[in-house]
2 protein chains.
Amino acid sequence: MSTPQGARARARQEVTAAIKEAARRQLAEEGAAKLSLRAVARELGMVSSALYRYFPSRDDLLTALIIDAYDSLGAASERARDAACDVPPPARWIAVCETVRGWALAHPHEYALIYGSPVPGYSAPDTTVRAAARVGLVLIGIVRDAHLGPGLAGLSVPAGLRPEAERMAADLAPDLPPEAAVALVAAWAQLFGLVGFEIFGQFNRVVEDREAFFRHAAGRLAEGVGLTAA
Amino acid sequence: MSTPQGARARARQEVTAAIKEAARRQLAEEGAAKLSLRAVARELGMVSSALYRYFPSRDDLLTALIIDAYDSLGAASERARDAACDVPPPARWIAVCETVRGWALAHPHEYALIYGSPVPGYSAPDTTVRAAARVGLVLIGIVRDAHLGPGLAGLSVPAGLRPEAERMAADLAPDLPPEAAVALVAAWAQLFGLVGFEIFGQFNRVVEDREAFFRHAAGRLAEGVGLTAA
DNA sequence: CCAAAAAGAGAGCACCGCTCTTGCACGGGA
DNA sequence: TCCCGTGCAAGAGCGGTGCTCTCTTTTTGG
């Protein structure tokens with residue numbers, strides 16, 4: 001992995017990185033639909049068939065970009081969490097949400113790649129799943145900190161959702177009350193609903209001051225998971 | 001518009017409808033990315049160039065499908081609202097939300113077409129915008145009914161959001177309190193966050209009993225806009 | 001009844017993803 | 001140090017795409 005055993009392997013890694021970089025540039029400029037292997041090859045001064053030595057297909061290149069995008073967003077949210085480690089959980093939650101939104105605004109096409117419509121019939125490989133989970137883990141961590149520290153507001157779930165709530169909590173955060181797990185997953189999806197609507201233009205002619213609107217919505221999301229304003 | 005002045009015009013409408021139908025079938029089977037004008041023409045026994053007499057480009061055909069999809073979803077939500085006209089607003093809200101989710105589950109590729117990543121550089125024409133608004137209007141109507149009838153729980157917005165809230169209320173629902181307008185827009189985006197995460201597979205290995213989970217989340221969304229349980 | 005408009009057919013252009021074959025140049029074992 | 005095998009780039013080519021242009025046929029309306 002990190003052992004550059006030979007000059008050969010190193011060159012291969014460099015070319016692979018150059019391909020991904022050029023592809024990411026094209027993705028940012030034209031979007032995933034227009035990303036073309038031949039154009040990437042042209043930009044790199046190669047012939048298109050040479051690219052297949054590095055990525056077996058266009059989908060594999062896209063998958064690599066997807067993983068990188070998840071990692072980039074995950075790292076950004078982790079940095080935001082760490083930078084806000086000394087503010088109370090509700091404010092930390094808002095800070096992470098705003099970082100997610102900021103990342104999406106800065107990388108709209110990469111955001112579309114990971115949270116927009118997936119390719120039909122495309123099922124994410126395991127590596128993708130792991131990368132995708134990072135943002136969620138950050139959010140869970142904030143709620144856990146509140147639970148272990150200043151406390152979490154009590155929530156409730158209807159009886160019919162009880163088993164599911166306990167299953168979700170066992171999988172996601174065994175140390176959290178089941179109702180918090182349910183609220184967390186819902187807030188997670190709702191956060192990306194807010195971000196997606198802004199990125200994809202659904203807020204055009206509807207929301208003007210998006211910064212303020214989002215901050216407020218993120219705060220209400222925090223209340224929804226039981227984070228009480230300090 | 002509705003005057004079939006000649007057999008010629010009627011034939012044109014029929015062919016146009018046949019093209020859209022075949023395209024919708026292909027869309028449902030393979031997704032928007034694989035929708036090909038040539039394949040549609042083949043299925044209809046025409047040559048591909050003949051199709052351009054009806055739709056100037058592939059994007060125009062896609063736009064027609066988008067409008068139809070918005071209309072289909074809008075009509076479904078209006079039917080759900082009318083069917084639940086005699087239950088209290090919170091239950092009506094949940095019914096409409098569940099109908100939106102049901103429509104999305106039944107037409108995942110059409111859902112992806114309208115609420116997934118838009119085509120790069122694609123900007124929705126005005127006709128699209130109007131069709132897109134129908135679901136939102138249904139949600140607004142439910143809150144309005146509650147406001148005029150059994151009452152709406154009081155909400156609050158921070159001072160910084162006040163002007164935006166009043167602007168949004170003036171545009172969307174002048175008879176509603178500004179705080180309700182803000183909550184409504186947020187709930188609207190969050191609803192599609194929940195639906196999108198389920199449709200696009202983000203809930204895989206996370207949420208099992210999606211029916212119950214969604215019902216509960218929709219109920220909490222209703223509370224968030226001030227609809228108090230009867 | 002005939003000119004004009006509309007519609008279909010076909011060839012063709014540039015581009016795409018992907019495959020296969022062919023040379024070549026380099027790197028590691030002898 | 002040499003030399004062979006291997007990894008890589010190059011090129012041609014296949015079937016597909018969106019789209020344009022021209023030509024012919026069909027229908028319509030004055």
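Below, chain A is the first sequence line, B the second, and so on; all start at residue 1.
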Task: Heavy-atom pair of closest approach, residues B:L191 and B:F214 - done: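 Answer, listing the atom of B:L191 first, then B:F214: CD1-CZ, 3.7 Å.
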Open item on the list: Testing the basics here: between A:R144 and A:A173, what is the closest heavy-atom pair and its distance to 0.1 Å?
Closed with: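 Where A:R144 meets A:A173 most closely, the heavy atoms are NH2-CB, 3.8 Å.
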Open item on the list: On DNA chain C, compare the nucleotides closest to B:R38 and B:R8; which residue's is nearer the 5' end?
Closed with: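 Looking at DNA chain C, the more 5' nearest nucleotide goes with B:R8.
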What is the distance, to the nearest angstrom, from the [atom1] atom on [X] to the [atom2] atom on [N]?
| X | N | atom1 | atom2 | value |
| --- | --- | --- | --- | --- |
| A:L37 | C:dT19 | CG | C1' | 13 Å |
| B:R12 | D:dT28 | CZ | P | 14 Å |
| A:R10 | C:dG28 | CZ | P | 12 Å |
| B:L62 | D:dG18 | CG | C1' | 12 Å |
| A:E14 | D:dC8 | CD | P | 13 Å |
| A:I19 | D:dC8 | CD1 | P | 11 Å |
| A:L35 | C:dC18 | CG | P | 12 Å |
| A:R58 | C:dC16 | CZ | P | 11 Å |

Open item on the list: Keeping A:S72 on the side-chain end and A:D68 on the backbone end, is there a donor-acceptor pair under 3.5 Å?
Closed with: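 No.
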Task: Flag, side chain of A:Q26 to backbone of A:K34, donor-acceptor distance under 3.5 Å - done: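 Checked: no pair found.
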Open item on the list: Quick check on contacts: within residues 45-53 of chain A, what sits under 4.0 Å from DNA chain D by heavy-atom distance?
Closed with: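 Those residues whose heavy atoms fall under 4.0 Å from DNA chain D, taken from residues 45-53 of chain A in numerical order, are A:M46, A:V47, A:S49, A:A50, A:R53.
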Task: For A:F213, ring pair (Phe, Tyr, Trp, His ring centres under 6.0 Å) partners two or more places apart - done: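 By the ring pair (Phe, Tyr, Trp, His ring centres under 6.0 Å) rule, A:F213 matches A:F203.
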TODO: Please work out if A:Y54 contacts a base, only the sugar-phosphate, or nothing of the nucleic acid, heavy-atom cut-off 4.0 Å.
DONE: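 Result for A:Y54 = sugar-phosphate.
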Open item on the list: Classify A:L44 by what it touches in the nucleic acid, base, sugar-phosphate, or nothing, heavy-atom distance under 4.0 Å.
Closed with: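 Answer is nothing: A:L44 stays at 4.0 Å or more from every strand.
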- [ ] Say whether B:S57 and B:D60, considering side chains only, have a donor N or O and an acceptor N or O under 3.5 Å apart.
- [x]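 Present: a donor and an acceptor within the cut-off.
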Open item on the list: Parallel, tilted or perpendicular, judged at 30° and 60°: which one describes the rings of A:Y111 and A:Y115?
Closed with: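 Because their plane-to-plane angle lies in the 30° to 60° range, the rings of A:Y111 and A:Y115 count as tilted.
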- [ ] Tell me which nucleotide among D:dC19, C:dC16, D:dT17 gets nearest to the side chain of A:R42.
- [x]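 It is C:dC16.
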TODO: Considering just the side-chain nitrogens and oxygens of B:S36, establish if one lies under 4.0 Å of OP1 or OP2 belonging to D:dG16.
DONE: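 B:S36 to D:dG16 OP1/OP2: no side-chain N or O under 4.0 Å.
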